[in-house]
Structures are given as C-alpha cells and as structure tokens.
Amino acid sequence: MKMRIVIKIGSQILTRKDGSLDITQMSDIVDQISELYKNNIEIILVSSGAVASGKTEISPSIKLDSISARQIYSAIGQVKLMNRYSDLFHQQGITCGQILTTKEDFATRRHYLNQRNCMTIMLESGIIPIVNENDTISVNELMFTDNDELSGLVASMMDCKKLILLSNIDGIFTGDPEKPESQLIREIKTDKQSIEKYIQTSKSSMGRGGMKTKYNIARKVAEEGIEVIIANGRTENILLKIVKEQEVNATRFVPSTKTISSIKKWIAHSEDFTKGIIYINKGACEALLGDIAVSLLPIGIVKVTGNFEADDIVQIKDENGKQIGIGRTSYSSTMVKELIGKSHKRPIIHYDYLFLECN
Ligand SMILES: Nc1ncnc2c1ncn2[C@@H]1O[C@H](COP(=O)(O)OP(=O)(O)O)[C@@H](O)[C@H]1O
Ligand SMILES: N[C@@H](CCC(=O)OP(=O)(O)O)C(=O)O
C-alpha cells in the first residue's frame with residue numbers, strides 16, 4: 001500500500017511581504033511534492049493563500065466589511081493560486097485538481113463520505129487534490145478555525161500516515177519564539193505532555209489560527225495514530241527530509257499506536273456539530289472509561305439537554321459538566337428522556353459509535 005500524507009501550507013509560506021504569491025517558494029514546494037509523488041507517495045495538499053493573493057489584485061472602490069472583503073479576495077485569489085499550482089505541476093507532468101470545502105461538509109456522514117470518495121478517486125487516478133476552505137461561502141460560525149483544522153480533518157478522513165504542517169517557523173518553542181532563551185520542542189508525546197502553557201496568542205501577519213490551532217489539531221490527530229510534524233516551509237528540501245526521516249529542526253507529535261475505526265474518527269471530529277448533551281452518573285463514567293468496551297445504557301443517564309433525533313451526534317458529560325466523550329445516539333432526545341434511569345434497555349449509544357476522550 002502506498003504511503004499517504006497530507007501537506008498543509010500556510011499563507012505566510014506562499015506569499016511575499018506585500019501579499020503577492022511567492023512563485024519561487026511555490027515552485028520549490030511543488031518540486032519537492034513532485035519528487036515524493038514520483039516515489040509513489042500519495043499526497044493531498046491543503047493550501048492557504050487565496051485571501052492573501054486576492055488582496056494584492058484589487059483595491060475595492062467601495063468600503064468593504066471584513067466578511068465581504070474575505071469573500072471577494074478569496075474569490076479572486078483562489079483562481080490565481082490554482083492557476084499557478086496547475087502550471088507548476090503541469091511542468092512536472094502531474095495533474096492537480098481543486099477541492100473547496102466548508103466545515104458543514106464534515107457535519108453529515110453523507111457529505112463526509114462524498115468528500116472522501118472524491119479524494120480517493122483523485123488519488124487513484126494519479127491526481128493531486130489541492131484543498132482549501134471555500135472562503136466565499138463559509139463565514140463566521142460556519143468557518144474552520146483555520147486550514148490547520150481542515151488539514152487535520154482531511155488527514156483523519158483519508159487515513160493518512162503523516163500530516164505535515166508547513167509554517168514560517170521551525171515548530172513549537174518553549175516560549176516566545178523571538179526570545180533567545182526559547183527552545184524548539186522536538187518531540188511531543190501527547191499522552192504524557194501538555195505544552196499549552198508555551199503557546200503565545202501571536203501569529204504571523206497573514207496567519208489565521210496561530211500556533212494554538214496547530215497544537216490542538218496535531219494532538220488530536222496524533223492520538224488517532226497519525227504522525228504530525230510542524231516545520232518551516234522555507235527550510236531547504238524540508239518535505240524530502242521529513243519523509244526520508246532525516247534530522248531536521250521541527251516539532252514531531254508521536255502517533256498513538258491504538259487503532260480507531262473510520263466512523264469513530266468522524267465522530268471524534270464532530271464536536272462542533274453536536275445537537276445535545278447526555279449527562280451520566282459516576283458509575284456510568286467509570287464503566288465507559290474502564291478497560292472493557294461498553295455502550296451507554298439508559299440506566300446511567302441522569303439528564304438530557306437539547307433537541308436531537310436518532311443518529312444525531314451528542315456530547316456525553318459527567319454530572320459536573322466535564323466532557324467524557326461524543327457519540328451518535330440511537331434515540332431522539334424525547335425517547336432518551338423517557339428511558340432515563342431504566343434498566344434492561346437497549347444502548348442509547350452503541351460502543352461502535354462512541355468516541356471517548358481517552359480513546
Ligand atoms: N510557542 C510557540 N512556538 C512557535 N510559534 C508560536 C508559539 N506561540 C505562538 N507562535 C506563533 O505561531 C505562528 C505560526 O502560526 P500561523 O501564523 O497561524 O501560521 P500559518 O500561517 O503558517 O498557519 C508563528 O509565526 C508564531 O508567531
Ligand atoms: N482559506 C484561507 C486560509 C486561512 C488560513 O487558515 O490561513 P493560514 O493560517 O495561513 O493557514 C485562504 O486561502 O486564504
């Protein structure tokens with residue numbers, strides 16, 4: 001089986017200081033990806049840069065609010081970005097194709113599988129999918145935090161081996177990267193270390209989510225068994241060095257060795273689409289978080305909030321409000337309320353559709 005990886009490139013790497021596309025840099029990244037492709041590695045590219053490159057193209061005659069500006073810049077910039085990718089890959093004899101997506105397309109299982117099918121068929125046909133958020137229609141609460149979040153969802157959905165996040169910095173530092181005493185953290189074991197305290201709210205001039213989203217998504221994806229590497233896109237031959245496992249300045253998240261089914265992966269990333277909350281008692285928490293795989297039964301439920309239907313995604317919390325997991329419910333909220341505390345009933349959430357925080 002071919003190795004499959006997702007490479008995410010931030011706006012900062014693709015654009016110059018004035019916001020125009022940095023063609024030399026793009027060409028260098030495309031050359032590296034082409035070499036990996038010719039070595040039988042399947043690549044999905046998640047590329048930012050649409051808004052930044054659209055900004056340099058026009059100066060609107062009317063004053064635009066920030067949403068309209070993002071919509072119009074991305075509409076123009078995405079074309080420029082894809083034209084450039086298409087030309088550069090064409091010079092290498094490789095075809096690439098565009099996939100524009102929104103957060104909502106990850107909300108229903110049907111859309112999720114449609115996207116997965118599209119990317120699978122492109123890879124099987126030797127086409128490199130280039131993914132970006134559809135910034136023209138995704139606004140406010142419907143937006144991804146940034147393309148780091150999107151790339152994590154894609155890596156998880158496509159069962160990738162690695163996720164490489166290329167930014168303008170070598171990785172995560174033990175403090176403000178500008179300060180000389182801050183050191184690069186080379187390896188993070190997500191089950192043993194929390195390094196949240198080191199992350200500043202600062203981000204690069206064109207970046208959207210900053211290091212915080214990179215860290216959050218990298219952690220989650222590594223816990224699903226995918227290796228994540230945060231590295232500097234301007235380091236010479238960075239992609240080739242990472243894939244050949246050569247020594248580079250980067251932060252590597254050690255992947256968990258546990259395996260998680262495809263449906264559980266989807267549920268794990270569905271937190272923003274939950275329709276209600278099921279509160280459970282202490283005994284049920286202990287049973288769910290114990291060593292044996294168990295489903296959530298009505299007897300352990302103490303309270304239900306929200307209105308949901310069968311098959312909707314819901315949060316599971318303990319009586320103090322601490323989140324225990326996420327799952328796909330087999331019953332509507334009305335039915336669950338009727339079943340609260342009852343014994344000898346069928347599971348409300350079957351184990352196969354239950355993602356627990358410790359999974
Ligand atoms: N502890 C940290 N280590 C490294 N970078 C950090 C840290 N805390 C905050 N940052 C900031 O995160 C930025 C990278 O995130 P971002 O601007 O979103 O990049 P991109 O556009 O590549 O997605 C860095 O340029 C840096 O300013
Ligand atoms: N979808 C946006 C990218 C937003 C984003 O996440 O940017 P970045 O933090 O630079 O990866 C665009 O193409 O401009």
Side-chain angles (χ1 to χ4, degrees), residues 6-15 17 19-22 25-26 29 45-57 66-67 69-82 84-85 98-103 130-139 142-154 163-179 181-186 188 193-218 228-235 238 249-251:
V6 170
I7 298 168
K8 183 263 168 174
I9 314 181
S11 316
Q12 203 70 25
I13 291 300
L14 296 170
T15 50
K17 281 207 171 67
S20 62
L21 284 176
D22 186 338
Q25 183 62 31
M26 277 182 86
I29 299 231
L45 183 58
V46 176
S47 178
S48 301
V51 175
S53 65
K55 244 183 218 168
T56 54
E57 198 70 4
S66 63
I67 294 173
R70 191 172 146 258
Q71 288 177 308
I72 193 166
Y73 292 146
S74 62
I76 297 161
Q78 181 66 20
V79 182
K80 278 179 68 186
L81 192 66
M82 278 312 294
R84 191 56 77 171
Y85 273 126
Q98 169 184 266
I99 297 181
L100 293 179
T101 186
T102 66
K103 192 153 185 169
I130 305 185
V131 188
N132 195 1
E133 179 168 15
N134 190 344
D135 298 290
T136 60
I137 53 164
S138 49
V139 289
L142 300 179
M143 280 162 67
F144 294 104
T145 316
D146 63 9
N147 270 350
D148 297 314
E149 183 186 14
L150 168 58
S151 63
L153 285 165
V154 173
L163 165 64
I164 305 175
L165 302 173
L166 291 185
S167 185
N168 63 340
I169 196 144
D170 286 345
I172 305 183
F173 285 76
T174 56
D176 183 347
E178 300 290 319
K179 295 199 173 140
E181 66 270 24
S182 301
Q183 285 179 354
L184 179 67
I185 305 170
R186 293 188 172 269
I188 297 175
Q193 292 160 274
S194 168
I195 53 125
E196 230 149 311
K197 58 179 180 290
Y198 297 133
I199 307 206
Q200 328 282 307
T201 47
S202 65
K203 50 187 176 234
S204 55
S205 56
M206 306 279 179
R208 195 154 98 196
M211 193 50 81
K212 194 167 168 27
T213 10
K214 283 190 219 308
Y215 173 65
N216 288 343
I217 199 74
V228 185
I229 296 122
I230 302 177
N232 195 327
R234 294 192 188 271
T235 303
I238 186 69
N249 282 344
T251 299

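Here the structure is a predicted model, which is why all the values come from computation and not from measurement. Every number for a ligand or one of its atoms is a count from 1 in the order of the listing.
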Could you tell me whether the side chain of T136 and the main chain of A75 form a donor-acceptor pair under 3.5 Å? no
Where's the contact between D135 and ligand 2, heavy-atom distance under 4.0 Å: side chain, backbone, both or neither? side chain
Any N/O of [X] closer than 3.5 Å to an N/O of ligand 2?
| X | answer |
| --- | --- |
| S11 | yes |
| Q12 | no |
| D148 | no |
| N132 | yes |
| I9 | no |

Atoms of ligand 1, numbered as shown, that sit under 4.0 Å from any heavy atom of [X]:
| X | value |
| --- | --- |
| N168 | 24 (C), 25 (O) |
| K8 | 23 (O) |
| S167 | 14 (C), 19 (O), 20 (P), 22 (O) |
| G171 | 3 (N), 4 (C) |
| G10 | 22 (O) |

Just to check, does Q78 reach to within less than 4.0 Å of ligand 2 when the distance is taken from its heavy atoms? no
Does ligand 2 have an atom that lies less than 4.0 angstrom from a heavy atom of G49? yes
Identify, with sequence neighbours excluded, every residue that meets side-chain hydrogen bond (donor to acceptor under 3.5 Å, both in side chains) alongside S20. R16, D18
Report yes or no: do N147 and S48 form a side-chain donor-acceptor pair below 3.5 Å? yes
For R70 and S138, which heavy atoms make the closest approach, and how far apart are they? NH1-O, 2.9 Å
Looking at ligand 1, does K212 have a heavy atom less than 4.0 Å from it? no
Kindly indicate whether the side chain of I130, heavy atoms from C-beta on, has any atom under 4.5 Å from the side chain of S47. yes
Using a 4.0 Å cutoff against the non-hydrogen atoms of [X], which atoms of ligand 2 qualify?
| X | answer |
| --- | --- |
| K8 | 8 (P), 11 (O) |
| D146 | 6 (O) |
| G10 | 10 (O), 11 (O) |

